[in-house]
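So the structure is just underneath, and the comments pick up after that.
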There are 2 protein chains.
Amino acid sequence: MSAITVLLVDDHLVVRSGLRALLGTQPDIAVVAEAASGEEALERLEQDAVAVVVMDLAMGAGMDGIEAIQRIRERNKGQAILVFTTYDSDADIVRAVDAGAMGYLLKDAAPDEIFAAIRGAVQGKSVMSAPVASRLFQQLRNPDEILTPREAELLSLLTQGLSNRELGQRLFISEATVKTHLAHIYAKLGVETRAAAIATAIRREGMR
Amino acid sequence: MSAITVLLVDDHLVVRSGLRALLGTQPDIAVVAEAASGEEALERLEQDAVAVVVMDLAMGAGMDGIEAIQRIRERNKGQAILVFTTYDSDADIVRAVDAGAMGYLLKDAAPDEIFAAIRGAVQGKSVMSAPVASRLFQQLRNPDEILTPREAELLSLLTQGLSNRELGQRLFISEATVKTHLAHIYAKLGVETRAAAIATAIRREGMR
DNA sequence: AGCCGTATCAGCCAAAAGGCTGAGAGACGG
DNA sequence: CCGTCTCTCAGCCTTTTGGCTGATACGGCT
């Protein structure tokens, strides 16, 4: 039996080394390539195919992890991709899964969990860290709390600290409409003021 | 010549493995212990002394890195401690240096930079990643922009989304005083609204 | 055709936030 | 002792925000 080939994508050298060392303990898993950015990952995949791509989401400059996942899936629909990141923000999880990630692991996951996720990914199984899964579940269970595209757009600008007037100008809508959207956003986020909405959004939705 | 003994403190197994692998390439540096939390780090140091402690700041539950640094320095004033973390937020840097860190490295630092920092730390030299140093410099250059302790306390609560009234109740001061502090905070942060202040604080001051 | 979700807008009113000026009490260092 | 910093508070006025009610329009689904 041949080993499962893996491409590591992470802008931190130490994380790549650590993963490589960790995965090296498993005879059926072989790290055959590394990339420090989304762009580099695409190049590597052009050269040699791998069974699983293990990818960090936050990646300094350039293409972020989500975009990299989309690009990879555009070229190769069947490519198995595992997200391996520090954060478990709601938005990141949803976007990553949406983009085509097969699994979502946190960097403090146990080694066995990581091995299992890689082995599962090649078989098309979806593996999630427990806290990640529970967040996803919550999203699905509460469709009322999912923001509409327009609301999400507004919230994103809101976290830049804009006033209602500025929001209206940016989005080419009246201030009245801005207030309507905000009221809906507050209700969905379970807050009562814009300050709390911003705090919640930045912390929980990963809008950095 | 005996090697420089190192204790790694990081809650992520992969990061510890990666650092261990990286440092293992240097004959004069020896990782002799690891810890996954601040508490564990203190225990390890009780057992065996090391030349340098390499510590992450963000550490899941329990004691955070800053607190761990303070505790270690309480017990052993001379202990060399290097911060090795993902973020370069102004507040973290100042607090870490204040707590007694000898150096501050980012996780995407080049290997040579990391080696140099460890060798420098045992000699009492202070080594910083370039972006970190420039931030520190900016802090020192603009004393007008440093928040007073009370202002920082208020800002921290502000980022929780509290109203002026709530802030007053929490801090046992009148709403008028809250407004005075806020005006000063806005001026120092260079913003005009509480929304922008929250956005700035969370993003730039690392108040997550 | 009828319903629902989404996006748009208006007007009214109360509450909150922000700008401005002024001021007293302690602490700390020169 | 004096100046400076910090923290505290007050009053006044304007702007912004938030709550409420109601309305129009478009697209998709049944």
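Naming: A, B, ... by sequence-line order, numbering from 1 per chain.
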Quiz item: From the 5' end of DNA chain D to its 3' end, which nucleotides mark the outer limits of contact with chain B, defined by a 4.0 Å heavy-atom distance cut-off (strictly under)?
Solution: dT6(D) to dA10(D)
Practice problem: In whole angstrom, give the distance that lies between atom CD1 of Ile185(A) and atom P of dT8(C). | Solution: 11 Å
Quiz prompt | Nearest-0.5 Å distance that lies between atom NE2 in His12(A) and atom OG1 in Thr86(B) | solution = 4.5 Å
Self-check item: Distance in angstrom units between Leu147(A) CG and dA7(C) P, rounded
Solution: 10 Å
Practice problem: Between dA17(C), dA7(C), dA10(C), spot the one nearest the side chain of Ser174(A), thanks. | Solution: dA10(C)
Quiz prompt | Between CZ on residue Arg194(B) and NZ on residue Lys179(B), distance to nearest 0.5 Å | solution = 10.0 Å
Quiz item: For Ala183(B) and Thr180(B), take the nucleotide of DNA chain C holding the closest heavy atom to each; which residue's nucleotide lies nearer the 5' end?
Solution: Ala183(B)
Quiz item: Which part of the nucleic acid, if any, lies within reach of Glu192(A) when heavy atoms closer than 4.0 Å are counted: base, sugar-phosphate only, or nothing?
Solution: sugar-phosphate
Practice problem: Would you give the length of the straight line joining atom CG of Leu42(A) to atom CD of Glu67(A), rounded to the nearest 0.5 angstrom? | Solution: 9.0 Å
Quiz item: How close do Ala41(A) and Ala35(A) get, heavy atom to heavy atom, and via which atoms?
Solution: N-CB, 3.5 Å
Quiz item: What is the distance from CD1 of Ile173(A) to P of dT6(C), rounded to the nearest Å?
Solution: 16 Å
Quiz item: Taking the nucleotide of DNA chain D with the closest heavy atom to each, which residue, Ala176(B) or Glu151(B), is nearer the 5' end?
Solution: Glu151(B)
Quiz prompt | Separation of atom CD in Glu175(A) from atom C1' in dA10(C), rounded to whole Å | solution = 12 Å
Quiz item: Taking only residues two or more places apart in sequence, or in another chain, which ones meet Glu40(A) in a salt bridge (Lys or Arg N to Asp or Glu O under 4.0 Å)?
Solution: Arg44(A)
Quiz item: What is the distance, rounded to the nearest whole Å, between atom CD1 of Ile198(B) and atom C1' of dA16(C)?
Solution: 13 Å
Self-check item: Nearest-angstrom distance from the residue atom NE2 of His181(A) to P of dC9(C)
Solution: 8 Å
Quiz item: Thinking salt bridges, do Glu153(A) and Arg150(A) make one under a 4.0 Å N-O criterion?
Solution: yes
Exercise. Grab the NZ-P distance between Lys179(A) and dA15(C) for me, whole Å please.
Key: 15 Å
Exercise. Heavy atoms only: give me the nearest Leu82(A)-Ala121(A) pair and the separation to one decimal.
Key: CG-CB, 4.2 Å
Exercise. Describe the nucleic acid contact of Thr177(A) in one word from base, sugar-phosphate, nothing, applying a heavy-atom distance below 4.0 Å.
Key: base
Practice problem: Please work out if Thr193(B) contacts a base, only the sugar-phosphate, or nothing of the nucleic acid, heavy-atom cut-off 4.0 Å. | Solution: sugar-phosphate
Practice problem: Working to the nearest 0.5 Å, report the span between CZ of Arg20(B) and CG of Leu13(B). | Solution: 10.5 Å
Quiz item: Between residues 162-171 of chain A and DNA chain D, which residues have a heavy-atom gap below 4.0 Å?
Solution: Ser163(A), Asn164(A), Arg165(A)
Exercise. Give a yes/no answer on whether the side chain of Arg150(A) brings an N or O atom under 4.0 Å of OP1 or OP2 in dT8(C).
Key: yes
Quiz prompt | Interatomic spacing from CG in Asp56(B) to CZ in Arg16(B) - rounded to 0.5 Å | solution = 10.5 Å
